[in-house]
Novice: 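First the structure, then my questions, so here it is.
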Amino acid sequence: QVQLVESGGGLVQPGGSLKLSCAPSISIFTFSTINWYRQSPGKQRELVVSSPRTGSRIYADSVKGRFTFSRDNIKNIVYLQMSNLPPADTAVYYCNARDGRAGSVDAYWGQGTQVTVSS
């Protein structure tokens, strides 16, 4: 099975920064879209950023200007750089990818990494 492994979460103080990683078990070039989602207790899952293979990356208004999606094609890793973090950014962050291979309707999810912003 295709797996996505997130890492990089942890506890940071308000105003701090954190960089999350997503390491897929297959090439990132097989995906039509790579996304980061997050979910806080009692809230619905929220799309943080969507990065289609074609077209521009789209960020949620709440993170625009503070979060940056990037990828390392050599290491086959996707990143989410998070800056100037307020407590409201506390959530479990999930990497998500849609399979772009012909005939596939699959999407994949990582198990999530906890980000806690607190003093």
Side-chain angles (χ1 to χ4, degrees):
Q1 293 185 16
V2 175
Q3 294 182 324
L4 307 176
V5 180
E6 300 103 333
S7 61
L11 175 65
V12 297
Q13 293 186 331
S17 298
L18 210 58
K19 190 173 185 178
L20 308 182
S21 299
C22 174
S25 61
I26 61 174
S27 173
I28 60 176
F29 295 104
T30 63
F31 303 130
S32 60
T33 307
I34 303 175
N35 310 293
W36 284 96
Y37 286 84
R38 68 184 180 186
Q39 187 166 28
S40 300
K43 293 186 176 182
Q44 293 186 343
R45 188 169 56 208
E46 175 189 18
L47 179 64
V48 176
V49 58
S50 178
S51 180
R53 192 155 56 191
T54 59
S56 300
R57 293 162 185 163
I58 301 174
Y59 296 86
D61 288 341
S62 59
V63 307
K64 197 172 299 181
R66 300 188 299 109
F67 286 18
T68 302
F69 180 102
S70 64
R71 64 188 181 190
D72 188 326
N73 294 336
I74 302 300
K75 294 181 178 179
N76 200 54
I77 297 175
V78 172
Y79 300 102
L80 182 66
Q81 176 66 54
M82 311 163 65
S83 301
N84 195 23
L85 292 163
D89 286 335
T90 295
V92 178
Y93 285 73
Y94 298 91
C95 186
N96 163 262
R98 296 183 181 274
D99 198 318
R101 291 175 289 188
S104 178
V105 296
D106 294 336
Y108 311 106
W109 290 89
Q111 291 186 296
T113 184
Q114 176 72 48
V115 173
T116 302
V117 185
S118 177
S119 59

Novice: Would you give the length of the straight line joining atom OH of Tyr93 to atom CG of Leu80, rounded to the nearest 0.5 angstrom?
Specialist: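 Answer rounded to 0.5 Å: 7.5 Å.
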Novice: Check whether any side-chain heavy atom of Thr33 lies under 4.5 Å from a side-chain heavy atom of Pro52, and answer yes or no.
Specialist: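 Counting from C-beta outward, Thr33 and Pro52 do come under 4.5 Å.
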Novice: Checking the side chain of Gln81 only, and the main-chain atoms of Lys19 only, is there a donor and an acceptor separated by less than 3.5 Å?
Specialist: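 Such a contact is absent between Gln81 side chain and Lys19 backbone.
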Novice: Between Glu46 and Ala60, which heavy-atom pair has the shortest distance, and what is it?
Specialist: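 Smallest interatomic distance, heavy atoms only, reads OE2-CB, 4.2 Å.
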Novice: Is the count of non-hydrogen atoms from other residues, nucleotides or ligands lying under 6.0 Å from Ile58 atom CD1 greater than 12?
Specialist: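 Incorrect, the count does not exceed 12.
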Novice: Honestly curious: do Val78 and Val92 fall in one hydrophobic cluster under the side-chain, below-4.5 Å linking rule?
Specialist: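 No, it is not one cluster - the side chains of Val78 and Val92 are not joined through contacts under 4.5 Å.
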Novice: Using modelled atom types and a 3.5 Å cut-off, is there a donor and acceptor pairing between side-chain atoms of Ser118 and backbone atoms of Leu11?
Specialist: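 Flag not set: sc Ser118 to bb Leu11 has no pair under 3.5 Å.
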Novice: If you look at every heavy atom in Thr113 and Gly9, which pair is closest and at what distance?
Specialist: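 Between these two residues, the closest heavy atoms are OG1-N, 3.1 Å.
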Novice: Does Asn76 use its side chain to pair, donor to acceptor, with the backbone of Ile26 at less than 3.5 Å?
Specialist: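 Flag set: sc Asn76 to bb Ile26 pair under 3.5 Å.
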Novice: Is any side-chain heavy atom of Pro14 less than 4.5 Å from a side-chain heavy atom of Pro86?
Specialist: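 Pro14 vs Pro86: side chains apart.
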Novice: So which atom in Gly100 and which in Arg53 form the shortest heavy-atom distance, rounded to 0.1 Å?
Specialist: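 In terms of heavy atoms, the two residues are closest at O-NH2, 4.2 Å.
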Novice: At what distance, to the nearest 0.5 angstrom, does CE of Met82 lie from CH2 of Trp36?
Specialist: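 These two atoms lie 9.0 Å from each other.
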Novice: Minimum heavy-atom separation for Phe67 to Tyr59, with atom names?
Specialist: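 In this case the closest contact between Phe67 and Tyr59 is O-CE2, 3.3 Å.
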Novice: Quick one: SG on Cys22 to CZ on Phe69, what's the gap to the nearest 0.5 Å?
Specialist: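 Reported value, rounded in 0.5 Å steps: 8.0 Å.
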Novice: Are the side chain of Arg66 and the backbone of Asn84 linked by a donor-acceptor contact shorter than 3.5 Å?
Specialist: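 Indeed, once roles are kept as given, a pair shorter than 3.5 Å links the two residues.
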Novice: Measure from the side-chain N and O atoms of Thr90 to the backbone N and O of Val117, and report whether any donor-acceptor pair falls under 3.5 Å.
Specialist: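 Present.
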Novice: Same cluster or not: are Tyr79 and Leu18 linked, directly or through other Ile, Leu, Val, Met, Phe, Trp or Tyr residues, by side-chain heavy atoms under 4.5 angstrom apart?
Specialist: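 As far as the 4.5 Å side-chain criterion goes, Leu18 and Tyr79 are not connected within one cluster.
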Novice: Taking all atoms of both residues into account, what is the closest heavy-atom pair of Ser51 and Arg57, and its distance?
Specialist: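 Looking at all heavy atoms of both residues, the closest pair is OG-NE, 3.2 Å.
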Novice: Calculate, to the nearest 0.5 Å, the distance between atoms OG and OH belonging to Ser50 and Tyr37 respectively.
Specialist: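 Between atom OG of Ser50 and atom OH of Tyr37 there are 7.0 Å.
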Novice: Indicate yes or no: at least one non-hydrogen side-chain atom of Pro24 is less than 4.5 angstrom from one of Tyr108.
Specialist: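 Counting from C-beta outward, Pro24 and Tyr108 never come under 4.5 Å.
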Novice: Can you tell me how far the CD atom of Gln111 sits from the CG atom of Leu4, to the nearest 0.5 Å?
Specialist: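 Rounded to the nearest 0.5 Å, the CD-CG separation comes out at 10.5 Å.
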Novice: Is the closest side-chain heavy-atom distance between Lys75 and Ser21 below 4.5 Å?
Specialist: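 SC-SC contact between Lys75 and Ser21 ruled out.
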Novice: Please say yes or no: joined through hydrophobic side-chain contacts below 4.5 Å, possibly via intermediate residues, are Tyr94 and Leu47 part of one cluster?
Specialist: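 Linked, Tyr94 and Leu47 end up in one cluster.
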Novice: Please find the pair of heavy atoms, one from Trp109 and one from Asn96, that lie closest to each other, and give the distance.
Specialist: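 Smallest interatomic distance, heavy atoms only, reads CE2-ND2, 3.2 Å.
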Novice: Examine distances only and state if a side-chain atom of Asn35 and a backbone atom of Ala97 form a donor-acceptor pair shorter than 3.5 Å.
Specialist: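 Not a single qualifying donor-acceptor pair exists.
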Novice: Check this for me, if you would: do Asp106 and Arg101 make a salt bridge, where the nitrogen-to-carboxylate-oxygen distance has to be below 4.0 angstrom?
Specialist: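 No salt bridge links Asp106 with Arg101.
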